[in-house]
Amino acid sequence: MLSRLIQLSRLLPTDPNGPKEFAYLEMQYWAASISCLSVLALFLWHLRTSPSNGISKHLEYGSLLIVLYLMTFFLSFLLKTDGGLMVMTNMVYMLCHGAAAVILLKHILEKFPSCASFGEALLVSSGLILYFGDMLGHTLSKMEFSMSSKVFIHTPGTRSDMTAIIQGILLGLFLLPLLYKSSLQVWDYCTMEGKQQTQEAEDHTGKRIGSAVFYISLVVVLMFLLPSWTHLVQGLKVHPFVWIINYMFTDAHERLALCAYWICVIYVSVRRFYSISKQSKTERILLRKYYHLVAVLIFSPAVIFQPAFLDLAFGAAFAVFLTLEMIRIWEIYPLGHVVHQFMNAFTDHRDSEILIVSHFSLLLGCALPKWMSSGLNDRPLAPFAGILSLGIGDTMASMIGYKYGVLRWSKTGKKTIEGTAAGITSVLAACSILVSLLASSGYILSQNWLSLLIAVTLSGLLEAYTAQLDNAFIPLVFYSLLCL
């Protein structure tokens with residue numbers, strides 16, 4: 001986010017709406033910083049109560065860092081505003097982000113201990129809090145009885161209908177579990193004094209009823225709650241699904257052809273790779289990397305020729321993944337068992353019976369750089385950060401390292417120097433091809449080759465050394481380096 005701020009500062013003179021966008025992104029930066037700082041404070045508190053010795057220096061340095069950062073935060077707001085209620089409300093807004101991030105992070109680590117490390121949980125919790133804080137700010141700014149339009153939060157007025165629709169769909173799907181569980185509790189309470197049944201018949205009836213309640217809740221969210229929110233926030237007069245259909249047929253030749261291409265590639269790859277996973281002895285790590293290559297085939301043409309439509313497609317894919325994961329976890333009839341059986345063929349040690357995160361990390365790793373690059377962008381390669389780092393670099397590093405790697409970076413790790421070198425070289429080769437394609441499409445390229453070499457090398461070395469989920473971290477780091 002800091003890199004995006006630096007990038008926008010270069011573009012301020014060319015955009016009349018730039019100052020508002022920059023101010024709002026700056027506030028989001030501080031919100032994300034306070035979230036991370038609150039988690040750091042929680043970590044230091046646990047160190048303080050730990051009986052271990054030799055951590056006093058860590059406590060001193062960490063506490064000093066927190067104090068200095070908070071002072072910078074307060075001074076930043078005092079110097080840029082006239083004080084008074086605006087400063088207080090903005091500070092409360094930021095501190096609420098921090099408290100919510102701590103609560104969510106503790107919940108993630110307790111509920112899914114085998115699916116996320118501390119760093120991964122921090123990334124997920126701070127990202128979700130920032131995303132829903134953005135929704136809350138835009139919602140409050142449209143309410144006439146709220147003070148938000150004047151003193152709470154200034155939101156930019158250049159949001160597109162597509163952005164509002166994607167946010168509305170994701171908001172509804174994140175609220176779906178609450179509606180589903182509440183509806184089941186109401187149903188159980190109403191039928192508590194019903195007829196006595198055998199345990200087997202009762203379980204069978206409960207699954208059918210739970211499935212019906214889930215589908216009804218899904219329809220309520222998508223057909224009623226979603227259009228209500230988009231109408232409030234964006235003033236959208238038509239149903240979001242009608243808007244999506246109209247948008248697809250606005251440039252029907254390219255967009256429908258792209259959809260047909262996606263369907264063909266997904267169908268062939270899923271059918272082929274699932275068959276391989278059941279019949280051959282191919283290592284699962286290599287089988288998973290084939291999907292990274294499929295991501296390159298799917299997303300690369302769209303980034304070049306239909307970038308705005310790809311934003312919508314990413315949102316739709318993430319919504320489908322969320323829905324299928326809920327169906328798998330709750331064993332919703334008739335798809336629950338089928339989805340679980342299929343997804344289980346591609347899991348690794350980070351996944352569990354409770355939650356499978358691999359497909360989410362791959363999709364978000366490709367989508368986040370593209371979403372964050374929307375609007376003015378003087379670095380045409382930045383939207384490709386996820387596709388290049390995951391689809392090309394990570395895949396080639398894993399394949400070459402697995403088959404030909406000899407020299408390991410560490411005695412305990414599996415990453416090899418040969419794999420890292422192959423990943424860096426392949427990304428640089430792909431960048432050279434993309435530069436030619438983008439130049440022929442009319443893009444004005446401003447990426448210096450030296451800075452590109454540094455960005456590719458650093459992200460490749462980070463992939464070799466990181467113990468975190470590289471599908472999530474590497475694209476964001478690579479994107480940040482490309483924006484500078």
(request) Return yes if some donor-acceptor pair links the side-chain N/O of Ser269 with the main-chain N/O of Ile266 below 3.5 Å, else return no. (result) yes
(request) Could you check whether the rings of Phe299 and Phe314 sit parallel, tilted or perpendicular, using 30° and 60° as the cut-offs? (result) tilted
For residues 212-227, tabulate all N or O donor-acceptor pairs below 3.5 Å that involve a side-chain atom, not counting sequence neighbours.
residue : atom : partner : partner atom : Å
Tyr215  : OH   : Tyr333  : O            : 3.0
Ser217  : OG   : Val213  : O            : 2.8

(request) Quick one: do Gln306 and Arg255 satisfy side chain to side chain contact (heavy atoms under 4.5 Å, CB included)? Show the steps, please. (result) CA-CA 8 Å; Gln306 284 288 333; Arg255 290 170 184 167; 3.1 Å; yes
(request) Check whether any side-chain heavy atom of Met248 sits under 4.5 Å from a side-chain heavy atom of Ile245, and report yes or no. (result) no
(message) Whether the side chain of Trp187 engages the backbone of Ile209 through a donor-acceptor N/O pair (distance < 3.5 Å, no angle test) should be reported.
(response) no
(message) The test is side chain to side chain contact (heavy atoms under 4.5 Å, CB included); show your working for Ile165 and Leu236 and say whether it passes.
(response) CA-CA 9 Å; Ile165 290 173; Leu236 205 61; 3.9 Å; yes
(request) Would you name the heavy atoms of Leu105 and Ala121 that are closest together and state the gap between them? (result) CD1-C, 3.8 Å
(message) Would you say that Tyr29 contacts Arg4 through its side chain, given a criterion of any heavy-atom pair below 4.5 Å between the two side chains?
(response) no
(request) Kindly indicate, with the supporting measurements, whether the criterion side chain to side chain contact (heavy atoms under 4.5 Å, CB included) is fulfilled by Phe132 and Leu170. (result) CA-CA 10 Å; Phe132 283 104; Leu170 297 183; 6.0 Å; no
(message) Does the plane of the ring in Tyr247 sit parallel, tilted or perpendicular to the ring in Trp243? Use 30° and 60° as the thresholds.
(response) parallel
(message) Quick check against the 3.5 Å criterion: does His97 have a side-chain atom that pairs as donor or acceptor with the backbone of Ala31?
(response) no
(message) Within the 4.5 Å heavy-atom criterion, are Glu463 and Phe473 side-chain neighbours or not?
(response) no
(message) For the NE2 atom on His239, are there more than 12 heavy atoms of other groups (residues, nucleotides or ligands in this structure) within a distance under 6.0 Å?
(response) yes
(message) Please check: side-chain N/O of Thr395 versus main-chain N/O of Leu390, any donor-acceptor pairing under 3.5 Å?
(response) yes
(request) Look at atom OH of Tyr261 and say whether more than 12 heavy atoms of other residues, nucleotides or ligands are closer to it than 6.0 Å. (result) yes
(request) Check the angle between the aromatic planes of Phe174 and Phe318 and answer parallel, tilted or perpendicular using the 30° and 60° thresholds. (result) tilted
(request) Output yes when a side-chain donor or acceptor of His340 lies under 3.5 Å from a complementary backbone atom of Arg328, and no otherwise. (result) no
(message) Quick check: closest heavy atoms across Ser389 and Ile474, and the distance to 0.1 Å?
(response) CB-CG2, 3.9 Å
(message) When you compare the side chain of Val294 with that of Ile298, does any pair of heavy atoms fall below 4.5 Å?
(response) yes
(request) To the nearest 0.5 Å, tell me how far Leu104 CG sits from Ile129 CD1. (result) 5.0 Å
(request) Would you kindly say whether Gln7 and Arg379 are connected by a side-chain donor-acceptor distance under 3.5 Å? (result) no
(message) What's the separation between atom CH2 in Trp30 and atom OG in Ser35, rounded to the nearest 0.5 Å?
(response) 13.0 Å
(message) Donor-acceptor pair, distance only, cut-off 3.5 Å: does the side chain of Lys370 make one with the backbone of Val303?
(response) no
(request) Mind checking the OG1-CG spacing from Thr323 to Leu173? Nearest 0.5 Å is all I need. (result) 4.5 Å
(request) Using atom types as modelled and distance alone, determine if a side-chain donor or acceptor of Asn246 lies under 3.5 Å from a backbone N or O of Val242. (result) yes
(message) Has Ser182 got a side-chain atom pairing as donor or acceptor with Leu179's backbone, closer than 3.5 angstrom?
(response) no
(request) May I have the step-by-step check of side chain to side chain contact (heavy atoms under 4.5 Å, CB included) for Leu381 and Leu434, ending in yes or no? (result) CA-CA 8 Å; Leu381 289 178; Leu434 275 176; 4.0 Å; yes
